[in-house]
Amino acid sequence: MTKQIRLGSIFNTLLKEYTIVFGIMVLVIITSIVEPRFMTSGNMVNIMRQFGPLILVALGMTFVILAGFIDLSVTGQLFLVAVIVMKLIDPIGQIPAMFVGIAFGGLFGYFNSKVIIFSGALTQAEALFITYGLSTAYIGIGQMISNGKTMNMSIDLTSSYSAFQYVGLGFIGPFSISFVIFLFAIFILYFFQSKTYMGRSVMLTGGNKTAARIAGIPIYRSITIVYMICGIMTAIGAIVFMSRATTVTSAMSIGLETDVILAVVLGGTYLGGGRGSVLRTIIGALIVILISNCMNLLGITIFWQDITRGAILIIAIWLDARKNN
Amino acid sequence: GCGDKTEEAAEVTEVGTVEETETNAEATVAETGDEATIAFICADMGNPSQAYAASLFETYAKDYNLKAVVFNAAGDAQLEASSVQQAIAQGVSAIYVNPNDINAILPALQEAKDAGIIVGMFSSDVPVGSEDLRDFFVGVDDNQAGVEAANAFIANFPDGAKIVEVGGQAGHDAQIKRHGAFEPVISNSNIEVLDSQACDQWSTDQALAIMDDFIVKYGDDIEGVFCHWDGGLTGVIQALDAAGMDTKGMFLVGIDGSQSGVQQVMDGTQDLTIGQDFMEMSKKSLELTRAVLDGETVTTQNFIPLMLVTPETIDDFTFPEW
Amino acid sequence: MDKMNIKKILSVIMNQRAVLAIVLTLIVLAFNSTNFFTIYNMKTMLTTSSIYLIIGFGATIVLVAGGVDLSIGFNMSVSGVLAVYLMNNNVPISLAVLCALIFGGIVGAINGYIVVYHKTEPFIITLGMGISLLGLGRLITNARPIVAENKAFLNISNGMIFGERLNLIYFTVIMFAIVHYILRYTSFGRNLYAIGGDYEVAEYSGINVRANKFYAFVLSGVIAALGGVLLASKFGTGNANYGLTTGFVIYSAVVVGGTSFAGGIGSVPRSAIGLIFVYGVLQNAMNMLRVNSYTQMVMTGIIIATVIALDSYSRKRIREKV
Amino acid sequence: MDNKNSNIILSIQDVEKSFPGVKALDQVSIDIRRGEVHGLVGENGAGKSTLMKILSGVLKKDAGTITFDGAIVHHTSPVESQRMGMSIIYQELNLVHTMSVGENVFLGRFKEMGGMRGTHTKAKALLDSIGANLDTYQLVDELSVSEKQMVEIAKALSFESKLIIMDEPSSSLTQDEMDKLIAVIKQLKEKGITIIYISHKLDEIFELCNRVTIMRDGHVIDTQLTSDITRNEMIAKMVGRTIENEFPERPKCDGEVLLQVKSLNTNKLKNVSFKLRKGEILGFVGLVGAGRTEIVRAIFGADQVKGHEILIDGKVVTIKNPKDAMNAGLALVTEDRKQQGLVLSFTVEKNVSMASLDRLSKFGILNKSKEKEMAERQVKGLNVKTPTILTKVSSLSGGNQQKVVLGGWLETGPRVLILDEPTRGIDVGAKYEIYLLMKEIAESGGAIILISSELPEVLNMSNRVLTVYEGRITGEFDPLKTTPDHIMRNALGMGEEEQKNDQTN
Ligand SMILES: Nc1ncnc2c1ncn2[C@@H]1O[C@H](COP(=O)(O)OP(=O)(O)OP(=O)(O)O)[C@@H](O)[C@H]1O
Ligand SMILES: Nc1ncnc2c1ncn2[C@@H]1O[C@H](COP(=O)(O)OP(=O)(O)OP(=O)(O)O)[C@@H](O)[C@H]1O
Ligand SMILES: [Mg+2]
Ligand SMILES: [Mg+2]
């Protein structure tokens, strides 16, 4: 008896906590019935690979949101980093270019945070618009550098194409390289979030900036760190992105920010900051990928996909608000 | 009331003369051989092909004793209209419009005509019935590109085949025409289009993701892919590679003739790119402008032939700059 | 004494950043020979910014009440699409326009309901709404521009009164007056200031805070739809892609004008100045000065980020006043 | 109909109200007569404001009936109560800072007042009538606290209500403004308006009120005619117990200076200087907004300062942010624990460890087992009532939340513990525990700065008391040698003249 009741209540909490997850499961079940190929290993690999750039950026964004902020400039950053890396491949070689790109990601994050801290834009809404402006500027810079051209990796690179090809297509055992990068990132970031002083500081900053500051928590350093993490993860995302697509255009990152925020929020990280986890974002990102994967397999047009994505975002926030009130 | 009307009437005749380009005494006398400023109104400088076209205008204008300014409509129809107006305000002699939305641009074109400016349509023409709002059109026929693509498939697969279509940016003029012209031709053949999906943007990554999913869904049934642009086809090839499918054994068709497309044809992965010759298009536009400025009559509709770049014909082409 | 005055003047200037920015821009332009200061160009600038001004007035209502609605851009485009779609299906113009306005109101109401009655973050809800609307708009139009068959519809925006094509400017002036009147002279408007200024105090003072804030969203939605109808009429076309970045830029412009993010502070005239700066002067001036397209983008982004950072900075100064 | 004309305008019967952890009102019954000024007194936390908030519809009662003007009140919103003829001046200022004075007076009634012009004209007239000479177009943000209070009063008067509730309206008024207020109240009384007047200043109660109700710990103790009760009787009823038992014996201090603050200046503070000795508990007394909180926040590096010097053990230390202050051995328990002391959505454990996080980590990595130990130690030591240390702080009662904050700071091993309203919203038992703790810290060589609005608390716990008025320190007293009255007078800024007089005498 008691056991049953407990099971029931666990199910209830799960249902409450993960209503969206259940919704997605329904979608998955429908898809696998209508389109049996959904359950093939090919599709799993497929999902694993599409998951790559999105989850990497989303992990970074998770920290920004945990600290109570938001970063819309991932769109611009991703493009700009890709352009920089592309430009550097010839002069300094592929692997150095990757590292310089990652360093630039950190730099952009650092810059974003400084603008926010210096101006005292300590609410999410302010950060939203400032990073939007910065995103536009980053895209503009990227286009100034690339002169608006598609930058193509395969040209003059046949000899040294391998490093990117390895990132884009390589496997270690059953796992794609991008998945391994993801595992590596999640390990470090989860450790950072749950085990380190700065990770806790980030959480406290998101939970209550004022109280945290009074308690001697370095809130400004936390803000800088989350934006830098986001920048670095975006840069890694950019590298995985370009190694898959092998080209760089400004179209590559349009709409990225909404997908990323969608992933973080659907995972159950609280938009107001302080609550949530990078682990949850994995679920969120998986959901985002599954939505488009399922819909593509079901042959649903891009229009319906947009409508659904927006609606899911609204419903997720709404449910979250209901849970908290 | 009355005064205005006469003024308007006068303008109308003026417009007429410009279009016929014979008897506009003012223009011919004053501007023959003189340097004139022209404005290229780019639909979206974020789009590589359009940015390339813009740069061509800037480079080659001086060959025709012209000076080019570029306006960026950034994919926005409002901005495009206001760019035209700003060009008018700057007193340019000619504008070339690479439209985001051919209907939305018409009122602005009317203003340009009213101001006595030469109007050239670039890449996409005005809708039927509005031809007198422009002096000439230079471009490739996107409908033709769709038809060529379909014909290529039909020629390659005389016994029929199964293919998929990865479309360009949903709602973009080129995407609409390429798909619209491809579809009836291919459906009259024995080739089956398994699936067709457009992208949100002209984004390689989206083409890749869609192709990924097509592969899951149709697997080895896919014998060919029509992708609306070469950059997208790059993604398609990546997806096929990743799935371990033999790209060389498949019939892949793209449009644009951009660096990636030509390179892919060279590599033997892509079988055909239907190239748009932007160089020719730009030069032709400038040439026509000079002619109109010099008072000559010009043909109003100028389709620049498509270049069909295949492994066989690849040697005839100079490697593109975009 | 002198020092105090300087401080005061500085703080006044800080509060009128947009005016300052406009003046600076004008000075730069005055030293460069451009055609900026022509009546035609002024008219161009005003007509171009007019629709954004109107929608921005609606955004001001929401912002003053301490909310934000990023879906206005897509609300605009989809309402326009809807109006054209209905007309093309033989609905009379007036009824079609009415339906579009109602649609805009419903969108605003959904946003308002979820934000106000369920205490959610407005920007993320409205962002989601925006994505859905884009999909809906593309669905209705099949992602292509739809042309209004009934040309009478075009008269709303392009018709001539007093022999000048200035309808949009008249609309803007009328909406300016109406929204300004609402915000400044009605109890609804004043309540919104109270709600944005201090939600709890407003509640304690017997203001129905939820209903008022809800109606702010509805009104902003209706106004966005009006903007959409005017846009569709201006171009004779409905296009779901028109509003891609509109929401962000409009709100940025409104804040540039001096309406505060924190709510409770702001006015229609201030917003008008900000909107004219961002949509009229800034872009126009950069084109007149022939700034490279990409540089324009960088500058616009930096200006938006800077002005908003300045807004935050001045509030930080007040908070930390030593 | 009968009732309507009866001389009872408001009848409160058996009203109850509980907050998590606190029974704020327990079977409260009061009858208010038509046309009287009815005083309401009681210690902090007695439930006065809670009762008034229930009357005005801001809070919902748990049980009981309220009859106003013959009709049973069911309303749940401030609007309805205003419509019925009750208005209230809240204890915390209730003005929209971004709006003008005039509009604040008539907030929510713009149209009824005839638009912009009408609002301002009428507001001007109203403010003039209470002797407040303010520009109605000025933003409230630019007013001083007492000016804001006058706007509040005007706002309450504007409803032309039959009953006006004033919850400590005088707590931040200057004597001059207080006189005006008294005149206004008398004026209202003549017009037949009923007033409920809450104040901690018994003089005012005796001057203004016909009758007075005394509350303690959520109960009504007594209602009497002011003419029938003496001041001492009233205090006895308010406190209900002899003061000696409520506080432990104060520690002795050995006289060595531990902390010295020299000429601290901010926007609000003027030249604040004082010394704190080892083993000493130093009390700060002042009105709401006097600047006590600002003084300690400035010392702690939480706010910007214009200039100051802080010495610890005679050595100058630089404190630019709370971290510096903590390194210097300071700890600050803020007055607003929910906003500034706790992260409500976090567990007890994480809140306790918050201030000691850097000590809990090595090379930036947290030692979780130490963290757990720490939390358990404090929960046990302070007797925090919580199911586990993994319970969210938001679900604890106020007193226990306060202990969590305190525990966190104790873990930092502070030499100077600054307590800003440490017992606000805490029951008597818990208070005593906190007092003992203070004593313990002082006796073990630390020192304490205590800010409290409860005068008995400051007077009984402190070795020395400083009065703060308008950002200045206006006096220093030994609570054993000075009367509370005298101290209060200094806290009201009236002490300076007296001192002059003393000196001349
Ligand atoms: N919103 C609330 N949540 C929880 N407890 C509350 C709340 N408001 C008041 N209390 C508690 O109810 C009790 C009565 O508080 P109330 O404010 O009515 O006291 P008061 O008599 O007005 O005191 P003071 O003289 O300090 O104003 C206190 O213990 C207080 O902590
Ligand atoms: N309720 C309030 N509303 C608006 N401003 C306030 C309020 N309370 C305080 N202030 C402002 O805060 C400033 C400093 O008040 P502070 O809190 O330091 O005083 P305090 O002596 O600690 O009083 P208390 O702790 O009793 O509230 C004052 O100048 C006043 O303007
Ligand atoms: Mg009280
Ligand atoms: Mg205080």
Give the intermediate values and the outcome of side-chain contact (heavy atoms from CB on, under 4.5 Å) for residues A:Thr136 and C:Ile302. CA-CA 8 Å; A:Thr136 313; C:Ile302 288 176; over 6 Å; no
Sequence neighbours left out, what pairs pass side chain to side chain donor-acceptor pair (under 3.5 Å) with at least one residue falling in residues 306-318 of chain A?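 Listed by first then second residue: A:Asp259-A:Arg309, A:Asp306-A:Arg309, A:Trp318-C:His118.
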Under the side chain to side chain donor-acceptor pair (under 3.5 Å) test, residues paired with C:Asp198 that sit two or more places apart: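 If we apply the side chain to side chain donor-acceptor pair (under 3.5 Å) test to C:Asp198, skipping adjacent residues, there are no hits.
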With sequence neighbours excluded, what pairs up with C:Glu203 under the side chain to side chain donor-acceptor pair (under 3.5 Å) test?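 For C:Glu203 there are no side chain to side chain donor-acceptor pair (under 3.5 Å) partners, ignoring immediate neighbours.
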Under 4.5 Å from a heavy atom of chain C, the part of [X] involved:
X: A:Leu271; result: side chain
X: A:Leu72; result: side chain
X: A:Ile145; result: neither
X: A:Tyr138; result: neither
X: A:Ile307; result: both

Between [X] and [Y], which heavy-atom pair has the shortest distance, and what is it?
X: A:Met144; Y: C:Thr295; answer: CE-OG1, 3.9 Å
X: C:Phe261; Y: A:Ala125; answer: CZ-O, 4.2 Å
X: C:Phe248; Y: A:Phe129; answer: O-CE2, 3.7 Å
X: A:Ser119; Y: C:Ala309; answer: CB-O, 3.2 Å
X: A:Ile139; Y: C:Met297; answer: CG2-CE, 3.4 Å

Heavy-atom pairs under 4.5 Å with chain C are the metric here; pick the option from [options] that has the most.
options: A:Ile261, A:Asn147, A:Ile254, A:Val265; value: A:Asn147
options: A:Val115, A:Thr258, A:Thr301; value: A:Thr258
options: A:Ile302, A:Ile315, A:Leu128; value: A:Leu128

Evaluate whether atom CZ of A:Phe104 has more than 12 neighbouring non-hydrogen atoms of other residues, nucleotides or ligands under 6.0 angstrom away.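 No.
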Atom OH of C:Tyr85: over 12 foreign heavy atoms under 6.0 Å: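 Open: at most 12 neighbouring heavy atoms sit under 6.0 Å from OH of C:Tyr85.
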How long is the straight-line distance from OG of C:Ser312 back to CG of A:Leu122, given to the nearest 0.5 Å?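 OG of C:Ser312 is found 8.5 Å from CG of A:Leu122.
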So, taking the atom named CD1 in A:Ile314 and the one named CD1 in C:Ile124, what distance separates them when rounded to the nearest 0.5 Å?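 One gets 10.0 Å once the value is rounded to the nearest 0.5 Å.
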Tell me, for C:Tyr113 versus chain A, whether the close heavy atoms (under 4.5 Å) come from the side chain, the backbone, both or neither.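 When you check distances to chain A, only side chain atoms of C:Tyr113 fall under 4.5 Å.
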Contact part of C:Thr300 toward chain A, heavy-atom cut-off under 4.5 Å: side chain, backbone, both or neither?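 Neither; nothing under 4.5 Å.
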How would you list, in number order, the residues of residues 131-142 of chain C that have a heavy atom less than 4.5 Å from chain A?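 Only C:Ile131, C:Ser132, C:Leu134, C:Gly135, C:Leu136, C:Arg138, C:Leu139, C:Asn142 of residues 131-142 of chain C have a heavy atom under 4.5 Å from chain A.
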Please evaluate residues A:Tyr132 and C:Ile308 with respect to the criterion side-chain contact (heavy atoms from CB on, under 4.5 Å), reporting the C-alpha separation (whole Å), side-chain torsions for both, the decisive distance (0.1 Å), and the verdict. CA-CA 11 Å; A:Tyr132 169 73; C:Ile308 290 170; over 6 Å; no
Step by step, work out the side-chain contact (heavy atoms from CB on, under 4.5 Å) result for A:Ile141 and C:Tyr294. CA-CA 7 Å; A:Ile141 296 171; C:Tyr294 303 137; over 6 Å; no
